[in-house]
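Basis for what follows: all heavy atoms, side chains included, without hydrogens, waters or symmetry-related copies. Reminder, nothing fancy here: chain letters follow the sequence lines and each chain counts from 1.
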There are 2 protein chains.
Amino acid sequence: MTLAEENYLKTIFHLERKLKSEVSTNALAERMQTRASSVTDMMQKLADKKMLVYKKYKGVQLTEKGKKAAAYVVRKHRLWEVFLVDKLNFHWDEVHEIAEQMEHINSVELIKRLDAFLGHPDFDPHGDPIPDKDGNIKKAEKRLLSELIKNQIGICVGVKESSPEYLQYLDKKKISIGTKINVLGKEFFDGSMMIQAGRDQFFVSKQIAENLYVQTN
Amino acid sequence: MTLAEENYLKTIFHLERKLKSEVSTNALAERMQTRASSVTDMMQKLADKKMLVYKKYKGVQLTEKGKKAAAYVVRKHRLWEVFLVDKLNFHWDEVHEIAEQMEHINSVELIKRLDAFLGHPDFDPHGDPIPDKDGNIKKAEKRLLSELIKNQIGICVGVKESSPEYLQYLDKKKISIGTKINVLGKEFFDGSMMIQAGRDQFFVSKQIAENLYVQTN
DNA sequence: ACTAATGTTTAGCTTTGCCTAAAATTATAA
DNA sequence: TTATAATTTTAGGCAAAGCTAAACATTAGT
Ligand SMILES: [Mn+2]
Ligand SMILES: [Mn+2]
Ligand SMILES: [Mn+2]
Ligand SMILES: [Mn+2]
């Protein structure tokens, strides 16, 4: 697996779960910041390697082999994010770029030991699940903050969007994983909410609320 | 700096200190397991980038800029080796290959924090000095075990050769960094020695003794 | 000093991963 | 149902980093 191949597999993996269908050439090209023609080239190569099924003009679908390889890249990425936050005290909005590089380090033993060193974490610093060695992802029962109604309480367990901008907004509002959020009121017109997060009370827009995952026990 | 460029710089850096002269094309080709023609190509590229001075048929010499870049790669390599041994409990003969990959991760902040996390170590698990951010290497006063005479005592502080085979030999003999070694006798004919290492007494050949660094306070 | 051996560079090819432009296919909409 | 639009693939190239074979320089041996 070359670096480029790993990046393609990972992206297809994410898009497949998001779109719940085959992944189109253009969708991939946009996500990978590259050209459709480059994508086609790589799809043909990955099809040769039995990582995915490629049907001309019809998009691609990962094989079991491809899914496993992709999930392992995701596993490495998320374990390194945990390392960066838990051990090197990086902030959750700073780790993605670095993990993007570290996910390509190739050593089974390294990842095994890293996992143990971190205490076999199940979720990364953004609340995303870490696939196990075999590629299985346990999905937590979590809901979007925007789905809660007045007076419901949730614990923040992750983010849907994890851009630095959004994460920095959450920081400013002192919301992080584990923060208790109480819905004090909800505006039906625009979906905005008045919430209590930790000790503070303030409004959040629908856009904010529908990118935050909470657990309502 | 591409991965290939970093690897060339690092190798030139090591060869320059070893040979104390310009580095020849063939010397580099051998060390890098590549062909002389490939080396020539890269030397011309690195000369364009002012990383080294290249004189046709006369070998290359790093510029200050090149030396600094090379030392930084060495710094990253050795810090990761410390991480692997101290934090992930790898054995000192297992870390080089992995560090060979990790040394290319590109993030100044990452290395700054890693260094702090490791307690600003001065030496790597093989006893080699870790250059500081500016490329300065403090060299320890250390001598080869083979230079000691009968009844001298030294503390193992590093190895000259660090192949897995040699390191595994040392392990079998329970010699590691910090081990106290007492020269009980020395054979002038072949340079072999009877030593006491820790609690055990045994013979070591000249080849063993001239690859182990000790400090004789 | 000249020739042979050794060391180094150049020329020309290969593979990977990307690009643009053009051709082919599929989707949309009048 | 056709023409137009959008999507996708192919053709042809480029840069990086490697290779082999051939040419060129240096060094060494006689
Ligand atoms: Mn990430
Ligand atoms: Mn993440
Ligand atoms: Mn090493
Ligand atoms: Mn080392």
Side-chain angles (χ1 to χ4, degrees), chain A residues 1-13 15-16 18-62 66 69-70 73 100-101 103-106, chain B residues 1-13 15-16 18-62 66 69-70 73 100-101 103-106:
Chain A
M1 293 272 73
T2 68
L3 188 143
E5 287 168 351
E6 284 195 340
N7 282 333
Y8 273 94
L9 286 180
K10 188 183 56 160
T11 306
I12 296 165
F13 182 82
L15 282 177
E16 243 179 26
K18 187 184 187 185
L19 309 172
K20 289 165 192 326
S21 73
E22 315 74 65
V23 177
S24 74
T25 303
N26 268 2
L28 258 171
E30 177 169 10
R31 261 293 193 102
M32 312 226 20
Q33 306 265 62
T34 185
R35 298 309 180 133
S37 56
S38 307
V39 172
T40 301
D41 283 350
M42 186 57 93
M43 293 312 97
Q44 290 169 350
K45 188 169 24 145
L46 289 174
D48 286 349
K49 296 196 174 188
K50 310 289 182 211
M51 289 298 186
L52 45 77
V53 178
Y54 167 66
K55 292 221 184 73
K56 263 195 184 190
Y57 294 101
K58 298 295 179 191
V60 295
Q61 215 176 345
L62 291 176
V73 179
E100 209 57 36
Q101 297 181 61
E103 73 190 5
H104 302 291
I105 303 283
N106 185 4
Chain B
M1 293 271 71
T2 67
L3 188 143
E5 287 168 352
E6 284 194 341
N7 282 333
Y8 273 95
L9 286 179
K10 188 183 56 159
T11 305
I12 296 165
F13 182 81
L15 283 177
E16 242 177 28
K18 187 183 188 185
L19 309 173
K20 289 165 189 329
S21 72
E22 314 73 64
V23 177
S24 75
T25 304
N26 270 1
L28 258 171
E30 176 166 11
R31 261 294 192 102
M32 311 224 25
Q33 306 265 60
T34 186
R35 299 307 181 139
S37 55
S38 307
V39 172
T40 301
D41 283 349
M42 185 58 93
M43 293 311 98
Q44 290 168 350
K45 189 172 21 149
L46 290 174
D48 285 349
K49 296 196 175 189
K50 310 287 183 215
M51 288 298 186
L52 44 77
V53 178
Y54 167 64
K55 291 220 184 73
K56 263 197 184 191
Y57 294 100
K58 299 294 177 193
V60 295
Q61 214 176 347
L62 291 177
V73 179
E100 209 56 38
Q101 297 180 62
E103 73 191 4
H104 302 291
I105 304 282
N106 185 4

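Nearest nucleotide to the B:Ser38 side chain, out of C:dT10, D:dC19, D:dT9: D:dC19. For B:Arg35, whose side chain is taken as the heavy atoms from C-beta onward, the closest listed nucleotide among D:dT8, C:dC18, D:dT20 is D:dT20. For B:Tyr57, the side-chain atoms get nearest to D:dT26 when compared with the rest of C:dC18, D:dT26, D:dT10. For A:Ser37, the listed nucleotide lying nearest its side chain is D:dT9; candidates were C:dT10, D:dT9, D:dG18. Ranking C:dT26, D:dT9, C:dC18 by closeness to the A:Lys58 side chain, first place goes to C:dT26. Minimum atom distance to the side chain of A:Thr40 is reached by D:dT9, of the listed D:dG18, D:dT9, C:dC19.
Taking side-chain N and O atoms only, A:Lys56 has a distance below 4.0 Å to OP1 or OP2 of D:dT10. Side-chain N/O atoms of A:Ser24 include none lying less than 4.0 angstrom from OP1 or OP2 on D:dT7. Taking 4.0 angstrom as the limit, B:Asn26 places a side-chain polar atom (N or O) nearer than this to OP1 or OP2 of C:dT8. Note on A:Gln44: a side-chain N or O is less than 4.0 Å away from OP1 or OP2 of D:dT10.
In summary, A:Glu22 and A:Lys55 do not engage in a salt bridge, as defined by a charged side-chain N under 4.0 Å from a carboxylate O. By the 4.0 Å N-to-carboxylate-O rule, A:Arg35 lies too far from A:Glu30 to be salt-bridged with it.
Using a 4.0 Å heavy-atom distance criterion, B:Ala36 is classed as a base contact. Heavy atoms of A:Thr25 sit under 4.0 angstrom from primed sugar atoms or phosphate atoms, though from no base atom.
Taking atom CG of residue B:Asp41 and atom P of nucleotide C:dT9, one finds them 10 Å apart after rounding to whole Å. Atom C1' of nucleotide D:dG18 and atom CG of B:Leu28 are separated by 15 Å, given to the nearest angstrom. Atoms CE (B:Met42) and P (D:dC19) sit 11 Å apart, rounded to a whole Å. As rounded to whole Å, 15 Å separates atom P of D:dT26 from atom CD of B:Glu22. Distance A:Met1 CE to C:dT16 C1': 13 Å, rounded to the nearest Å. In this structure, B:Lys55 atom NZ and D:dA25 atom C1' are separated by 16 Å, rounded to whole Å. The separation between A:Glu5 atom CD and C:dT16 atom P is 9 Å, rounded to whole Å. Taking atom NZ on B:Lys49 and atom P on D:dA16, their separation rounds to 8 Å, with Å as the unit.
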Would A:Lys10 and A:Glu100 count as a salt bridge (Lys or Arg N to Asp or Glu O under 4.0 Å) if you check the C-alpha gap in whole Å, the side-chain angles of each, and the deciding distance to 0.1 Å? CA-CA 11 Å; A:Lys10 188 183 56 160; A:Glu100 209 57 36; 2.4 Å; yes
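Here the options are B:Asp41, B:Leu52, B:Leu62, the test is side-chain contact (heavy atoms from CB on, under 4.5 Å), and the partner is B:Leu46; only B:Leu52 passes.
Nearest heavy atom pair, residue B:Leu9 against residue B:Ala70, reads O-CB, 3.6 Å.
Along DNA chain C, the nucleotide nearest A:Thr34 and the nucleotide nearest B:Val39 are compared for position; the residue whose nucleotide lies closer to the 5' end is B:Val39.
From B:Met43, atom CE reaches atom OH of B:Tyr8 across 6.0 Å, with rounding to the nearest 0.5 Å.
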